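To start, the structure itself, in structure tokens.
Bear in mind that the values here come from a model prediction, so they are computed numbers and not experimental data.
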Amino acid sequence: MNIIVLCGGNSTEREVSINSGYNICEALRSKGHNAVLLDAFFGTKNSNVLQDAQSGYDALKERDAIRNMSEKLKEEADRKNFFGENVIEICSKADIVFMALHGKNGEDGKCQAAFDLFGIKYTGSGSLASAMGMDKAVTKQIFMSTNIDTAKSVWIKKGEDTSLEHYNMRVPVVVKACNGGSSLGVVLVKDVSEYESALAECFALDSQVLVEDYIDGREFSVGVIDNKALPIVEIIPNQGWYDYENKYKDGATTHVCPAELSRELTEKMQKLAEKAYAAIGCEPYARIDIMMDQNENMYCLEINTLPGMTSTSLIPDEARAVGIDYPTLCEKIVHLSLEKYQ
């Protein structure tokens, strides 16, 4: 198949997206597909890149070229058109676009909606599920309306009262930019003196934030593919908590998969993940983050409709636990995504 692996973009998660995209591209090429990396924001002058890549394509060289373009993001900050040169034309020629974008304009449904209008097939959830899953506050509302246990939180828009007392909350809390990702714009507040700076950091990224009770316990993530949960992974940072550095720095975090849980707790957590996946309307894959407190109560925190596919990402770990290697996982996502269009 001719597959465009769309990565880069202009979000704060651009670097993670480039890493995911490169890994996916190499994996799909190892399976015999004509896969090509393409930067969604900068595009390429070569509109025949798919045809030219059928022989002698160097994904590593293209990854580095895309990474070097990151230096020009500030120059292009006011550009009104998100899609770069020839992006729509090239994607229209592909059998499918593998969405390796993360963060705003790639994971929030906007790109998906544009592709729907152009008749471009793509991997992952549709525009509505992507938009709802990206917005942490909207996700919370859906969880609560469908009786999915989640941590107590309040949704605060810029200019509204932010005092914890106003909402009958107290530290420790987690302050989150509603449309952030990769743990960017997520701040753990242990002391009330840290609260205002946490709000400022998150409001700098978004006009609305979520202030959530901190759940003291074990952190898990559950991938769901084609409506069925994968083995659970427990996330154990070697220091601190699962912030951006611990998420993407090799060796900073231990992933235990399958997680050391009783059969009963495992099944309960997997069913919770499947319920959250269905509530948002995800297809054909997603990742759900869950906390379990000291009393084994489970809280579904958020959902990731385009999970990371880097060397330290969680979905690949979970797939390997059931004998699905990385290239096969990427190919499986392509085939399941194509089924949406049949």
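With values rounded to the nearest 0.5 angstrom, Met1 atom CE is found 6.5 Å from Glu331 atom CD. Expressed to the nearest 0.5 Å, how far CG of Leu128 lies from OG1 of Thr305 amounts to 11.0 Å. Between the NZ atom in Lys152 and the CD1 atom in Ile215 there is a gap of 11.0 Å [rounded to 0.5 Å]. In this structure, CZ on Arg320 lies 11.5 Å from OG1 on Thr328, to the nearest 0.5 angstrom. Taking CG of Leu37 as the reference point, atom CG of Asp64 lies at 10.5 Å (rounded to 0.5 Å). With values rounded to the nearest 0.5 angstrom, Asp293 atom CG is found 11.5 Å from Tyr214 atom OH.
The cluster map of Ile, Leu, Val, Met, Phe, Trp and Tyr, joined by side-chain heavy atoms under 4.5 Å apart, puts Val36 and Leu6 in the same cluster. Both Ile24 and Ile96 are part of a single hydrophobic cluster, where members link through side-chain heavy atoms under 4.5 Å apart.
Because its NZ or CZ atom is both nearer than 6.0 Å to the ring centre of Tyr122 and within 45° of the ring axis, Lys340 counts as a cation-pi partner of that residue.
For the residue pair Thr310 / Asn19, no side-chain donor-acceptor distance below 3.5 Å is found, with atom types taken as modelled.
In this structure, Glu89 places its CD atom where more than 12 heavy-atom neighbours from other residues, nucleotides or ligands lie under 6.0 Å away. Around NZ of Lys31, the count of heavy atoms belonging to other residues, nucleotides or ligands within 6.0 Å exceeds 12.
Contact of the Tyr57 side chain with the Cys25 side chain is registered, since non-hydrogen atoms from C-beta on lie closer than 4.5 Å. Put simply, the side chain of Glu219 does not reach to within 4.5 Å of the side chain of Leu301, judged on heavy atoms. Counting only heavy atoms from C-beta outward, the side chains of Val322 and Leu230 approach each other to under 4.5 Å. Contact check for Thr150 versus Tyr299: no side-chain heavy atoms found under the 4.5 Å cut-off. A 4.5 Å side-chain heavy-atom check between Glu234 and Leu261 finds every atom pair outside the cut-off. Residues Ser20 and His102 form a side-chain contact, since some pair of their non-hydrogen atoms from C-beta on lies under 4.5 Å apart. Within the 4.5 Å cutoff, the side chain of Leu314 has heavy atoms near those of the Arg287 side chain. In this structure the side chain of Arg14 reaches within 4.5 angstrom of the side chain of Ile66, judged on heavy atoms.
Between the side chain of Ser153 and the backbone N or O of Glu212 there is no donor-acceptor pair closer than 3.5 Å. Of the possible polar contacts, none joining the Lys140 side chain to the Asp135 backbone as a donor-acceptor pair under 3.5 Å is found. A donor-acceptor pair under 3.5 Å is formed between the side chain of Gln112 and the backbone N or O of Gly106. Remark: the backbone N or O of Gly223 is paired with a side-chain donor or acceptor of Glu318 at under 3.5 angstrom.
Listed by chain and residue number, Glu13, Lys104 satisfy the side chain to side chain contact (heavy atoms under 4.5 Å, CB included) test with Ser11 (two or more places apart in sequence, or in another chain). Every residue meeting the side chain to side chain contact (heavy atoms under 4.5 Å, CB included) condition with Thr139, not counting sequence neighbours, appears here in chain and number order: Phe143, Ile280, Ile303. Residues that satisfy the ring pair (Phe, Tyr, Trp, His ring centres under 6.0 Å) test with Phe83, not counting sequence neighbours, are Phe115.
Using a 4.0 Å cut-off between charged nitrogen and carboxylate oxygen, Lys228 and Glu274 do not count as a salt-bridge pair. In this structure, Glu76 pairs ionically with Arg79, as a charged nitrogen and a carboxylate oxygen lie closer than 4.0 Å.
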Do Thr44 and Asn46 pass the side-chain hydrogen bond (donor to acceptor under 3.5 Å, both in side chains) test, and can you show the C-alpha distance, the side-chain angles, and the key distance before you say yes or no? CA-CA 5 Å; Thr44 177; Asn46 182 12; 5.6 Å; no

